[in-house]
Amino acid sequence: MSKHQRTISKTAIFYTHFFFRKFPALPYILKWLFISIIIGGLAGTASAGFLQSLEWATQFRETHLWLIALLPVGGFLIGILYYHWGKDVEAGNNLLIGNILDPKEIIPFKMAPFVYIGTIVTHFFGGSAGREGTALQMAGAMVDQLSRPFKLDQKERKILLIASIAAGFGSVFGTPLAGAVFGLEVFLIGRIRYNALFPAFASAILADWVTRLWNVRHTHYHIDLIPPTDFLPILYSVLAGVIFGLCAATFSRLIHWAGSFFKSKIKYPPLRPVAGGIILALAVFAMGTTRYIGLGVPVIVESFEKQLPLHDFVLKMIFTIVTLSAGFKGGEVTPLFFIGATLGSALSIFIPLPFGLLAGMGFVAVFAGATNTPLACMLMGIELFGAECGVYIAIACVVSYLFSGHNSIYTGQHIGEAKNRRYENQQNKSISDFL
């Protein structure tokens with residue numbers, strides 16, 4: 001190397017060191033931007049394929065209703081799959097949350113195909129389940145495999161898993177901002193992990209973009225009438241939030257109780273979804289409607305367009321609790337959207353607010369109470385329904401979060417900050433300790 005080349009090299013090194021000293025966050029941003037691009041690509045592509053498969057399964061079932069009679073058979077296949085080969089991934093979302101709080105072994109990659117197959121089978125034969133659990137588990141299982149090749153330590157692996165949850169949630173619902181915050185707040189009630197802020201937002205935004213690149217479209221909702229933010233509408237919003245919070249707590253309690261009931265009565269795990277499938281299939285044929293199975297998106301849309309009866313949210317709650325507690329796969333969140341939206345629409349019978357606004361408030365507020373993620377749900381409401389209803393959405397989410405108590409659909413969640421003085425000495429305990 002010539003003297004001139006050595007001089008140029010030393011100058012470049014000097015300015016590089018100076019630049020990084022001047023902007024110490026740059027290496028962190030560049031590193032996690034690179035990782036987030038990979039996370040976004042993996043999670044976005046997985047969500048796109050999953051959503052398209054789910055749409056096909058739903059349409060095929062609705063045109064071949066005799067398939068619902070085979071729901072017990074589908075349940076048995078899911079039960080056998082997890083009993084013989086999937087015991088180490090059966091915890092699902094709680095396994096992801098547990099590894100963020102206390103990282104252990106790398107999450108087995110098989111979680112991704114197992115939950116995908118289980119969810120598609122559940123919907124194909126007529127179970128009542130959601131999709132967020134599948135998207136989160138697929139993203140988490142795939143992304144966690146990057147821990148070893150990238151030589152991430154435990155602290156960085158926590159960030160990686162948070163980013164994967166953000167990407168999975170943001171891409172499956174088309175709400176990247178809500179997805180990012182959901183990943184940051186879902187594992188520790190009352191606290192947010194700020195050291196994962198950039199990776200969570202970058203991964204969620206990129207994953208949503210990738211999903212849209214695959215030409216996947218999400219459902220749009222519209223609230224026709226939003227009243228001025230005066231005293232009485234705000235007071236009514238608080239009242240609605242209380243009801244949404246109690247509904248969320250009831251759902252969380254019942255689904256855990258029903259799961260324990262199935263386990264206590266049926267010792268052989270593969271037979272639990274068989275029993276659940278028989279109950280669900282008989283109920284569908286006896287009622288003569290598929291309104292309360294699958295995702296239920298058409299009914300959610302309907303709740304924004306007209307006032308619905310009170311029994312809609314009750315029946316969806318029953319169908320979902322039987323489906324998931326028996327051992328079928330899928331998420332709880334889309335059914336919670338259904339339950340909240342239909343409950344909100346029906347509340348317009350008693351609460352003098354527009355049914356569309358109440359449906360939107362219930363859509364996100366019941367979810368906020370059942371997952372203890374009020375900030376993510378506020379953002380989701382704004383992303384889905386527009387900023388004009390933001391005040392009402394925020395009130396409903398916060399009140400629901402407070403009135404749902406220390407309940408959750410995720411038993412792996414830990415208490416970071418107690419919701420009230422009664423539980424101040426219970427910090428760092430998990431939700432499972434309160435069941």
Taking [X] first and then [Y], would you say they form a salt bridge - that is, a charged N and a carboxylate O separated by under 4.0 Å?
X      : Y      : answer
Asp153 : Arg157 : no
Glu302 : Arg291 : yes
Arg131 : Glu332 : no

Please tabulate, for the side chains in residues 192-202, all donor-acceptor contacts under 3.5 angstrom to protein atoms that are two or more places apart in sequence or on a different chain.
none

Q: Give a yes or no on whether the backbone of Lys104 and the side-chain of Asn99 come within a donor-acceptor separation of less than 3.5 Å.
A: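 Checked: pair present.
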
Q. Between the main-chain N or O of Val115 and the side-chain N or O of Gln137, is there a donor-acceptor pair closer than 3.5 Å?
A.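 Side chain of Gln137 to backbone of Val115, a donor-acceptor pair under 3.5 Å: no, none is there.
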
Q) Would you call the rings of Phe337 and Phe363 parallel, tilted or perpendicular, where under 30° means parallel and over 60° means perpendicular? A)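 Geometry flag for Phe363 against Phe337: parallel rings.
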
Q | Mutual orientation of the aromatic rings belonging to Phe50 and Tyr116 [parallel < 30°, tilted 30-60°, perpendicular > 60°] | A |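 Perpendicular.
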
Q: Please determine if Lys329 forms a cation-pi arrangement with Tyr82, meaning its NZ or CZ atom is less than 6.0 Å from the six-membered ring centre and no more than 45° off the ring axis.
A: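 That pair qualifies as a cation-pi contact.
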
Q) Could Lys316 and Tyr292 be counted as a cation-pi pair, given that NZ or CZ must be under 6.0 Å from the ring centre and within 45° of the axis? A)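 Relative to the ring axis of Tyr292, which defines the angle, Lys316 lies outside at least one limit.
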
Q. Could you give all pairs that pass the ring pair (Phe, Tyr, Trp, His ring centres under 6.0 Å) test and reach residues 265-284, with sequence neighbours left out?
A.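 Listed by first then second residue: Tyr83-Tyr268.
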
List the atom pairs, donor and acceptor, that lie under 3.5 Å between side-chain atoms in residues 271-282 and the rest of the protein, sequence neighbours left out.
residue : atom : partner : partner atom : Å
Arg272  : NE   : Ile266  : O            : 2.8
Arg272  : NH2  : Ile266  : O            : 3.2
Arg272  : NH2  : Lys267  : O            : 3.4

